[in-house]
Amino acid sequence: MKKWIPIPSEEKLRAQLDAYYKSLATIDTLSEKEQEKLYKDIDKTVARLRDEAEKAKEKARFLSASQDELEARAKDTANSLKKGFIIRRAPANGTIDYREAKTDHFARGMNGYKLFIVFFVGSFVGVVVETLWCIVSNGYIESRQGLVWGPFSPIYGVGAAVLAICLYRFRNRSSIYSFIGGFLTGSVVEYICSWLQETLFGSTSWDYSHMPLNINGRVCLVYSIFWGFLGIFWIKSIYPRLSVWILKIPNRIGKILVWILLVFMVLNCIVSALAVYRWSEREQGIMEASNAIEAFMDRHFPDDRMWSIYANMDFKSDQ
């Protein structure tokens, strides 16, 4: 086993390095044997310094992360104890972690059960918020749902689930991590969903081409910044409140409910995709159904119903 020689003090190390520098500068005065020994000594010292530098970096990262997490946990806990102006303050994520660790709950941590609940709630709340925003900004009610059955929009659910996955590890860290995570995660999700919708159905539900610093009209800086602040709000306020609510659901009832809702959402997504696809065909002039499924879609999801559901749908003219 290789014997480890500890690094000397900084003062001794500087003296040793100066000696190496002097020897290298006057190497032509050394014999071949002395030169060989010098290079071997330098190689050993370089290896030791490299290892020590890596250890120092790892320790610095650990200390920095520990400092940030301890400070964030203390701040989050202090904020949770303050009196809310209208509604009660969200509990600290550290408190949620402690409560979950003491139970054998079906949705403990960030497992599949909790992830689906996050998706389902996000799909619903996203539609509600966007509908309210439409009323405030436009003065009228307009459908913002993304599925044919119920006020649900999978893009909000996917966004909430992806945010939960990506930001969960930073739930007890300072808000800057949540902002960066939300900024990147939301932008990627929005871009992918826009690309998939246009690729599969030849339609778009939003276009940021008129906004500054946009990428192909699918994402833009303004909304990416919005996603960043949403990341903070999500992991510091919404997630802990949702987790408290989920902890109150009994295990048996919770598992059965999740599976029922999962089947409903899968069926809802499939029927919605087929209805939109058939709708896009009709927009292209393909009016006659070629099979029983298309006939079913024509009968139950005609154009007027589809326009009432997807009021912002825009079919590309070149499709």
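K236 contributes no side-chain N or O that, together with a main-chain N or O of S175, makes up a donor-acceptor pair within less than 3.5 Å. When atom types are taken as modelled, the side chain of N111 and the backbone of F106 share a donor-acceptor pair closer than 3.5 angstrom. Checked by atom type and distance alone, the side chain of E100 never pairs as donor or acceptor with a backbone atom of R108 at under 3.5 Å. No donor-acceptor distance shorter than 3.5 angstrom exists from the side chain of T77 to the backbone of A74, with no hydrogens or angles considered. Between the side chain of T95 and the backbone N or O of P91 there is no donor-acceptor pair closer than 3.5 Å. Within the 3.5 Å criterion, the main-chain N or O of S31 finds a donor-acceptor partner in the side chain of E34. Under the 3.5 Å distance criterion, the side-chain polar atoms of S64 are left unmatched by any main-chain donor or acceptor of A60. The backbone N or O of C269 sits nowhere less than 3.5 Å from a side-chain atom of S272 that would complete a donor-acceptor pair. For H105 (side chain) and I246 (main-chain N/O), a donor-acceptor pair under 3.5 Å exists by modelled atom type. At distances below 3.5 Å, at least one donor-acceptor pair connects side-chain atoms of Y310 with backbone N or O atoms of G146.
By the 6.0 Å contact criterion, CZ on R14 is open, its count of non-hydrogen atoms from other residues, nucleotides or ligands being 12 or less. Other residues, nucleotides and ligands contribute only 12 or fewer heavy atoms inside 6.0 Å of the CZ atom of F124. At most 12 non-hydrogen atoms from other residues, nucleotides or ligands lie less than 6.0 angstrom from CZ of F229. Annotation for I293: atom CD1 does not count as buried by contact number, only 12 or fewer foreign heavy atoms lying within 6.0 Å. A 6.0 Å sphere centred on CH2 of W133 holds no more than 12 heavy atoms belonging to other residues, nucleotides or ligands. Heavy atoms from other residues, nucleotides or ligands lying under 6.0 Å from CZ of R299 number more than 12. For CZ of F264, the number of neighbouring non-hydrogen atoms (other residues, nucleotides, ligands) closer than 6.0 Å is greater than 12.
Distance check: I176 CD1 to I180 CD1 gives 4.5 Å after rounding to the nearest 0.5 Å. Between R278 atom CZ and E283 atom CD the span is 11.0 Å, to the nearest 0.5 Å. Remark: S280 OG to M306 CE distance equals 9.0 Å, nearest 0.5 Å. Taken to the nearest 0.5 Å, the NZ atom of K12 stands 13.5 Å off from the CD atom of E10. Atom-to-atom distance recorded for L221:CG and S187:OG is 8.5 Å, nearest 0.5 angstrom.
D298 has a carboxylate O that lies under 4.0 Å from a charged side-chain N of R282, or vice versa, which qualifies the two as a salt bridge. Using a 4.0 Å cut-off between charged side-chain N and carboxylate O, E71 and K75 make no salt bridge. R50 has no carboxylate O lying under 4.0 Å from a charged side-chain N of E54, or vice versa, which leaves the two without a salt bridge. At a threshold of 4.0 Å, the pair K40-E36 counts as salt-bridged, since one of the basic side-chain nitrogens sits closer than that to a carboxylate oxygen.
Considering only heavy atoms from C-beta on, E294 comes within 4.5 Å of E281 through its side chain. In this structure the side chain of P154 reaches within 4.5 angstrom of the side chain of L147, judged on heavy atoms. In this structure, K83 and R89 have side chains that are not in contact, with every pair of non-hydrogen atoms separated by 4.5 Å or more. Looking only at side-chain heavy atoms (C-beta outward), L49 and L13 come within less than 4.5 Å of each other. When side chains are defined from C-beta on, L132 does not count as touching R144, because their heavy atoms never get closer than 4.5 Å. Between D41 and Y20, the closest side-chain pair of non-hydrogen atoms falls below 4.5 Å. Residues Y113 and I249 are not in side-chain contact: their nearest non-hydrogen atoms beyond the backbone lie 4.5 Å or more apart. Residues S153 and S123 fail the side-chain proximity criterion, which asks for heavy atoms closer than 4.5 Å.
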Could you walk me through whether Y156 and E130 satisfy the side chain to side chain donor-acceptor pair (under 3.5 Å) test, starting with their C-alpha distance in whole Å, then the side-chain angles of each, then the deciding distance to 0.1 Å, before giving a yes or no?
CA-CA 10 Å; Y156 291 112; E130 192 173 358; 2.2 Å; yes
Side chain to side chain contact (heavy atoms under 4.5 Å, CB included), that's the test. Do F301 and L274 meet it? Break it down for me.
CA-CA 10 Å; F301 301 101; L274 292 173; over 6 Å; no
Stepwise side chain to side chain contact (heavy atoms under 4.5 Å, CB included) check, L167 with F179
CA-CA 9 Å; L167 300 184; F179 178 86; over 6 Å; no
Working note: Q197 + C193, criterion side chain to side chain contact (heavy atoms under 4.5 Å, CB included); need CA distance, chi angles, decisive distance, verdict.
CA-CA 6 Å; Q197 180 181 341; C193 288; over 6 Å; no
Quick one, R241 with S237, criterion side chain to side chain donor-acceptor pair (under 3.5 Å). Give me CA distance, side-chain angles, the key distance, then yes/no.
CA-CA 7 Å; R241 286 188 171 95; S237 183; 2.4 Å; yes
Determine whether L24 and I42 satisfy the following criterion, side chain to side chain contact (heavy atoms under 4.5 Å, CB included), listing intermediate values before the conclusion.
CA-CA 10 Å; L24 289 170; I42 289 176; 3.8 Å; yes
Chi angles and distances behind the salt bridge (charged side-chain N to carboxylate O under 4.0 Å, His left out) call for K55, D51
CA-CA 6 Å; K55 289 182 179 180; D51 289 342; over 6 Å; no
Would Y39 and K44 count as a side chain to side chain donor-acceptor pair (under 3.5 Å) here? Give the steps.
CA-CA 9 Å; Y39 283 121; K44 291 180 181 178; over 6 Å; no
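Side-chain contact check for N216 and Y208: no donor-acceptor pair (N or O, by modelled atom type) lies under 3.5 Å.
In this structure, R171 is positioned above the aromatic face of Y168, its NZ or CZ under 6.0 Å from the six-membered ring centre and within 45° of the axis.
For W234, there are no side chain to side chain donor-acceptor pair (under 3.5 Å) partners at least two apart in sequence or on another chain.
Scanning both residues, L30 and Q35, for their nearest heavy atoms gives O-NE2, 3.1 Å. In plain terms, the two heavy atoms of V118 and A164 that are nearest each other are CG1-CB, 4.2 Å. What you find for W227 and E190 is that their closest heavy atoms are NE1-OE1, 3.2 Å. Nearest heavy atoms, A160 versus G122: CB-CA, 4.1 Å. Closest approach of A65 to R173, counting heavy atoms only: CA-NH2, 3.7 Å. The minimum heavy-atom distance linking S178 with I235 is given by the pair OG-CG2, 3.2 Å.
A centroid separation of less than 6.0 Å is found between the aromatic rings of F120 and F152.
Screening D97, D76, N93 for a side-chain hydrogen bond (donor to acceptor under 3.5 Å, both in side chains) with N172, the sole residue that qualifies is D97.
Ring geometry, F226 versus Y223: the interplanar angle exceeds 60°, so the pair is classed perpendicular (tilted spans 30 to 60°). Under the 30°/60° scheme for interplanar angles, the aromatic rings of W279 and W307 are found to stand perpendicular.
Taking a 4.5 Å side-chain heavy-atom cut-off between Ile, Leu, Val, Met, Phe, Trp and Tyr, the cluster of F62 extends to L63.
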